[in-house]
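Inspection log for the structure reproduced underneath, given as structure tokens.
The sequence lines fix the lettering, A, B, ..., with proteins before strands; numbering per chain opens at 1.
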2 protein chains.
Amino acid sequence: MMRSSKGARPQASMGDVAVLAGVSLGTVSHVLNHPDRVTPATAEKVLRAMAMLSYVPNGNARSLAAGSSTAVGMVLPDLSNSLFIDVARGAETAAERAGYTLMIANSNTRLERESQHLRTFTQARVAGILLTLNDSEHFAAIADDDPTTTPTVMLNLAVPRSQFCSVSVDNQSGGHLATSHLIETGRRRLAFVGGPSSLEPVQHRATGFAHAVREHGVEHVRTINPAGVNRADGWESGVALLPQVLDGLIDGVVAATDLLAAGIVQALSSEPRLRVPEDVAVVGYDNNQAAWDSPIPITTIAQPGEEMGRVGTELVLNEAQRSADHVHRSVVLTPTLVVRRSTQHPGAPRNDGARGGSS
Amino acid sequence: MMRSSKGARPQASMGDVAVLAGVSLGTVSHVLNHPDRVTPATAEKVLRAMAMLSYVPNGNARSLAAGSSTAVGMVLPDLSNSLFIDVARGAETAAERAGYTLMIANSNTRLERESQHLRTFTQARVAGILLTLNDSEHFAAIADDDPTTTPTVMLNLAVPRSQFCSVSVDNQSGGHLATSHLIETGRRRLAFVGGPSSLEPVQHRATGFAHAVREHGVEHVRTINPAGVNRADGWESGVALLPQVLDGLIDGVVAATDLLAAGIVQALSSEPRLRVPEDVAVVGYDNNQAAWDSPIPITTIAQPGEEMGRVGTELVLNEAQRSADHVHRSVVLTPTLVVRRSTQHPGAPRNDGARGGSS
DNA sequence: CTCACGCCTTGAAGCGCTTCAAAGCGTTCG
DNA sequence: CGAACGCTTTGAAGCGCTTCAAGGCGTGAG
């Protein structure tokens, strides 16, 4: 059906529909919100009128009168990290299932944008907010100064359960998992490549690494903490590691992110005398695209991103719907190991696939 | 400042603020919207009262009364495609600069979700909508049945300029660019790897390829159209191409996406007698992460994603603010060539870098 | 045949805010 | 000294919708 060419007539309101259908305003509203209270005949009359006028209910007026909204807001720190994309996807699915709509706002890890978006969501009176943060300092700043009464759950950061629900992944156990895998596949002389100390998840992964090393009594040869956790930082770390690897002093590397791992693999492979995984195994973290796409696919720790989004949404909606008897909870999810070439014995079957899209 | 522990008091309203400040409701409103009409002393009194009550204006009531909103909605088809992430980033920047907030909704390329999100945005009375689509069939369905009066601009798809503004990238010229690059670097016997015919952008790239081949009078040896445009499809296509490449019948391949190109490079490289780019050059499309991350970094066509988002936002805001004298425009942006190893002469400097994020 | 009971439908009272005409007031000008 | 003017502040009228008490009306029971 083509757009009706009524020109610049503002928008049909519920009143217009009522007049056209020959019923009262209240009845029109009931057709939308309590169809059971209305005679089928009446309902049909009204629906026909709505169609005729291309009526679109005004969500603002609705939320205002009803005092509630059907949207859930989500603040994401980084759209280029596939973990957060997964989180968004899980949240979207859960929200849709519950009849809500997910609105995503991107902060680019800027504290200022984070609280700005929080404010916008609060003003819009969304049903709940999913706040995804990377950095515990940002959390502190936000928790102190944005006294939101909107149900909010923290994603990706474990927080004192006082004010919010939270859903996070156990980074320490992930670090432990990665390290144990290396050890179980025969590596004995390990290095850890981490990152800046402000990144809480990275620190926890380091702790997990340390525990595993101690438990198994293998050698912790070296730790590098580059300024960032991207590919370039990985490359540099790999170069730094090279001499010891060549001397056989290091036979396994645990990297705190996949990007780091990819850079490390790249650096190590650039040395012709070295082969990954035969001479040195590398394991990453996050199950990012970079881990699939690496020339040598990289073993990694997969974070249950979708689950995080799903659980977070369920928690926030629970709080929104039953705020009375809602109790804040901190859910901690467990990451899983994904084995690929970078840690496998030669000749083992190669894991391949794609995560990407098209244009 | 800690959250005031007033318990479950609903929310302070503008009226409460007015009473506390000892002024009228209208004055409080003016403090927010027309600070110039209010005495500094009064303003301060009001602001103090707001702080005291943790007052958060109700955006719904605001938009309702004012008849306008300060949000821009964006519908994205695929969060895992870095092109769209770039678009979102550009849009976000432009929206922020204009004092608007960008709300992103993800449709996962599902028509049903697309129109659902459109409806939500329309109901929320956002100032404008950025509709990003992949598929011209979806456009047809949506244009016909969603008679939105909200300013809307189409992104990524060139559409008849009748109903909407649109911003798209000239895929034909991109295909031409990629092909010419191959020819200019000495390739003479070319193959094209495309995709399903429903993907309009891919078809345009094919057209550009064909034109370039004809213009330069080089040989168009073969076209393959796999069922998809992902890495796996690329691998299969690469395998199919292998015999002819080995026989020297093909010395250059234009792929319709980077994922395809990555798969092709992978397949070709698995043949020890073959070297990329010495024996065969490969060029991709999109400037996705996969093109950076490939063992042999892949020359590609970069789409101006951020610019697309920025221009789209400017158009939609223009229409929202000056709908009277707004004229629909179709902006077509030009893609650019990014040269990497996969098409370069041996010994040429290697282009490296990273696009990724952290966790 | 009448009364009461249910089911639909109606009308009116807000939801919290913007805005505009009108009222207050301290000044300036004649 | 009074009129006129400009700047603040006020009060009230909605914005479009939900909801709830109240009104109509058809039906079954007495």
task: Please tell me which of the listed nucleotides, dC17(D), dT9(C), dT9(D), lies nearest to the side chain of V38(A)?
output: dT9(C)
- request: Could you go through the side chain to side chain contact (heavy atoms under 4.5 Å, CB included) check for F84(B) and N134(B) one step at a time?
  value: CA-CA 10 Å; F84(B) 297 131; N134(B) 236 336; 4.2 Å; yes
- prompt: Heavy atoms under 4.0 Å, any strand shown: does S13(A) hit a base, just sugar-phosphate, or nothing?
  reply: sugar-phosphate
- prompt: Counting side-chain heavy atoms from C-beta on, which of dT18(D), dG16(C), dT10(D) comes nearest to R62(A)?
  reply: dT18(D)
Distance in angstrom units between N58(B) CG and dG16(D) P, rounded: 16 Å
- prompt: Looking for any heavy atom pair under 4.0 Å, which part of the strands does L25(B) touch: base, sugar-phosphate only, or nothing?
  reply: base
- prompt: When you measure from the side chain of T39(A), which nucleotide among dT9(D), dT9(C), dC17(C) comes out closest?
  reply: dT9(C)
statement: Ranking dC20(D), dT18(C), dT9(D) by distance to the side chain of H30(B), first place goes to dT9(D)
Of the listed nucleotides dC17(D), dT9(C), dT18(D), the one nearest the side chain of Y55(A): dC17(D)
Earlier contact from the 5' end, DNA chain C, for G15(B) and R37(B): G15(B)
task: Would you indicate which nucleotide in dG16(C), dT18(D), dT9(D) comes nearest to any side-chain atom of A65(B)?
output: dG16(C)
Flag, side chain of T39(A) to backbone of A41(A), donor-acceptor distance under 3.5 Å: no
query: OG1/T122(B) to CG/N58(A) distance, rounded to the nearest 0.5 angstrom?
result: 11.5 Å
statement: Closest to the side chain of T27(B), out of dT19(C), dT9(D), dG16(D), is dT9(D)
query: Given atom CG of N33(A) and atom C1' of dT19(D), what is their separation to the nearest angstrom?
result: 10 Å
statement: In whole angstroms, the gap separating P of dC17(D) from CG of L64(B) amounts to 9 Å
field: Residue pair A320(A) / A127(A): nearest heavy atoms and the distance that separates them
entry: CB-O, 3.5 Å
